[in-house]
Amino acid sequence: MTRYTYSEENNTREKELAAIVKKEKNCECDLQLKYSIFDAVAYRLKTRKPQAFIEMRVVNYAFGDLPEIMIPMSKIILGQQQTQLTGVKSLFMVFWYKCKSVTYVDINNIECKPDYRVTPKGMNRTNDPNEIEVCRYVPSEVFKVMVDNRFAEFPVA
């Protein structure tokens, strides 16, 4: 698995996404920080039982701007293992930051033909530029929509 470089901006945006999940799914959603497999866990406060493990991706695009999203193969493997062990879903969630929309796929049930590719060097902004990894490329249209704000008016900063 690749080593992650911490970014305060990304952490703030992941907290924003966790707040959206909490509101939309009427549950708690907390970041798991550096010692966990996925970025966050959604759970019921009263029972403290996990409802979903969530790997978060924040992109500076609007929903529909990108034809596909890549998911590292290591995250797919780890998501499958944690779901097999616990019975809890492992979700890959994309926060389309430009329009504040949220989409997701279940790591264990991605409904499209698998398309694995090696990423080019210099592509990953959070890791060593010489690093490569195998990723599954998933068409944006197979992601399920949790929040669709594509057509909402947002104040221009």
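Hydrogens, waters and symmetry mates are skipped; everything else that's a heavy atom, side chains included, is used.
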Exam field: side chain Arg44 to backbone Asn26, donor-acceptor pair closer than 3.5 Å: yes

Nearest-0.5 Å distance, CD1 of residue Ile107 to OG1 of residue Thr83: 8.5 Å

Nearest non-hydrogen partners of Ala62 and Cys99, listed with the distance: CA-SG, 3.8 Å

Pairwise distance CG(Asn108) to CD1(Ile76) - rounded to 0.5 angstrom: 9.5 Å

Exceeds 12 heavy-atom contacts within 6.0 angstrom, atom CG of Asn109: yes

Derivation and outcome, side chain to side chain contact (heavy atoms under 4.5 Å, CB included), residues Lys75 and Phe92: CA-CA 9 Å; Lys75 291 295 183 175; Phe92 181 72; 5.9 Å; no

Any side-chain heavy-atom pair of Trp96 and Val147 under 4.5 Å: no

Inter-residue atom distance Leu31.CG - Ile54.CD1, 0.5 Å rounding: 9.5 Å

Check: Val105 and Val94 side chains under 4.5 Å, non-hydrogen atoms: no

Close side-chain approach of Tyr104 to Val145, heavy-atom, < 4.5 Å: no

Residues, nucleotides or ligands: over 12 heavy atoms within 6.0 Å of Glu141 CD: yes

4.5 Å side-chain heavy-atom contact, Thr119 and Met70: yes

Separation between NZ of Lys15 and CG of Asp30, rounded to the nearest 0.5 Å: 10.5 Å

Where Ala42 and Cys27 come nearest, the two heavy atoms and their spacing: CB-SG, 3.8 Å

Salt-bridge contact Arg117-Glu68 (side-chain N to carboxylate O under 4.0 Å): yes

Under 3.5 Å side-chain donor-acceptor pair for Ser90 and Gln82: yes

Contact check, side chains of Arg136 and Asp115, non-hydrogen atoms, under 4.5 Å: no

Transitive ILVMFWY side-chain link Leu45 to Val88, under 4.5 Å: yes

Any side-chain heavy-atom pair of Phe63 and Asp148 under 4.5 Å: yes

Working for side chain to side chain contact (heavy atoms under 4.5 Å, CB included), residues Ile69 and Ser140: CA-CA 6 Å; Ile69 300 290; Ser140 296; 4.1 Å; yes

Within 6.0 angstrom of Tyr61 OH, more than 12 heavy atoms from elsewhere: no

CA sep, side-chain torsions, deciding dist, call: Leu91, Glu55, side chain to side chain contact (heavy atoms under 4.5 Å, CB included): CA-CA 6 Å; Leu91 305 177; Glu55 179 62 21; over 6 Å; no

Trace of the side chain to side chain contact (heavy atoms under 4.5 Å, CB included) decision for Val41 with Cys29: CA-CA 6 Å; Val41 62; Cys29 186; over 6 Å; no

Pairwise side-chain contact, Arg57 with Phe95, heavy-atom cut-off 4.5 Å (strictly under): no

Phe38 vs Gln32 side-chain heavy atoms within contact, under 4.5 Å: yes

Electrostatic pair Lys22-Glu28, nearest N-O below 4.0 angstrom: yes

Test item: side-chain donor near acceptor, Ser101 and Asn149, under 3.5 Å: no

Donor-acceptor contact present, side-chain Gln51 to main-chain Lys49, <3.5 Å: yes

Linked, directly or transitively: Leu85 and Leu78 (ILVMFWY side chains, under 4.5 Å): no

Spacing of CZ belonging to Arg13 relative to CD belonging to Glu9, to within rounding of 0.5 Å: 4.0 Å

Ile37 CD1 to Ile77 CD1 distance, which is reported to the nearest 0.5 Å: 11.5 Å

